[in-house]
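By convention in this document, chain letters (A, B, ...) are assigned in the order of the sequence lines, proteins followed by strands, and residues within each chain are numbered from 1.
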2 protein chains.
Amino acid sequence: MKRNGYLNATPERLDATFTALADPTRRAILARLVAGEATVTELAAPFDMSQPAISKHLKVLERAGLVSRGRDAQRRPCRLEARPLREATDWLENYRDYWEESYQRLDALLDELKTGEGTSTE
Amino acid sequence: MKRNGYLNATPERLDATFTALADPTRRAILARLVAGEATVTELAAPFDMSQPAISKHLKVLERAGLVSRGRDAQRRPCRLEARPLREATDWLENYRDYWEESYQRLDALLDELKTGEGTSTE
DNA sequence: CATGTATAAAACCAATAGGTTATGAAACGA
DNA sequence: TCGTTTCATAACCTATTGGTTTTATACATG
């Protein structure tokens, strides 16, 4: 049930990707980049944090392949890269069956509690 | 385009979940738990690592809510919990449109390179 | 009751993460 | 050529991570 067709992530890439996603600042940066390319200073602006701190976060994102950088004079515009996101999603999709099942069980239980009330196994 | 209906993860939960997923040992433990409950020693067996090390990994997984523990005499069986996996998946799904678009662009490019050869913009 | 088994907790260590300030370097604009 | 902007790098600090070994606890069983 996996609509695949592309290559899979190595464990190292998953390590790097999930590590990168584990920080709220970096997730915010990614969210910003969905809207399009941005320079380091633009990315740093919303945060109460020094510029080198943001540069470090960007390096983590870059190491995971989540971000690539161009060049525009003295600026180094960042762009979001899709691949690791897809790979992480693919990895998690392997568990979809599992948690859908879990929630079906939960739904059934809630259903029983609601409609049952006295009608059920008591 | 989000088939939701359930609650969303707090940033702290996402931090904890992605942190937990960022380690290959912990991912392997999760994979094992899909097959059903397991004790700590069972989980530790495949790894060339001390028991306390595994206990620490389990604590990380527990802190993220990915694992819950029961009690069976001196054993503390671990079970996989679905919720954080679903929440992480949901978070990543927000990017699905983005990377599907990216890959369409890539596909189009590859197509052009393959079928075009000389027919294209040259 | 004594011993073995399953797990947790403590103390320790090296490496990494996440932040800081200060400095350096590349490119632009006057 | 000089100053300004944009960014990276270095050096430093503290807290956390991921591992170790050793010790303690809790239960089961002969």
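In this entry the distance linking CZ of A:Arg76 with C1' of D:dT9 reads 13 Å, nearest Å. Between A:Leu58 atom CG and D:dT9 atom C1' there is a gap of 15 Å when expressed in whole angstrom units. If you measure from atom CG of B:Leu61 to atom P of C:dA8, you get 13 Å, rounded to the nearest angstrom. The CG-P distance, from B:Asp15 to D:dT17, rounds to 11 Å in whole Å.
For C:dA6, neither phosphate oxygen OP1 nor OP2 lies less than 4.0 angstrom from any side-chain nitrogen or oxygen of B:Thr39.
The distance from the CD atom of B:Glu37 to the CD atom of B:Glu42 is 10.0 Å, given to the nearest 0.5 Å. If you take OG1 on A:Thr17 and CG on A:Leu66, they are separated by 5.0 Å, rounding to the nearest 0.5 Å.
The aromatic rings of B:Phe18 and A:Phe18 sit parallel, their planes meeting at an angle under 30°, below the 60° perpendicular limit.
Side chain of A:Arg26 to main chain of A:His57: no donor-acceptor pair is present (N/O by atom type, distance under 3.5 Å, no hydrogens or angles). Judged by distance alone, with hydrogens and angles left aside, the side-chain atoms of B:Tyr98 form a donor-acceptor pair with the main-chain N or O of A:Leu80 at under 3.5 Å.
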- Given A:Met49 and A:Ile54, is the side-chain contact (heavy atoms from CB on, under 4.5 Å) satisfied, shown in steps? CA-CA 7 Å; A:Met49 204 178 292; A:Ile54 299 295; 4.2 Å; yes
- Can you check each nucleotide of nucleotides 15-30 of chain C against protein heavy atoms at under 4.0 Å and return B for base, S for sugar-phosphate only, - for none, in 5' to 3' order? ---BBBBB----BS--
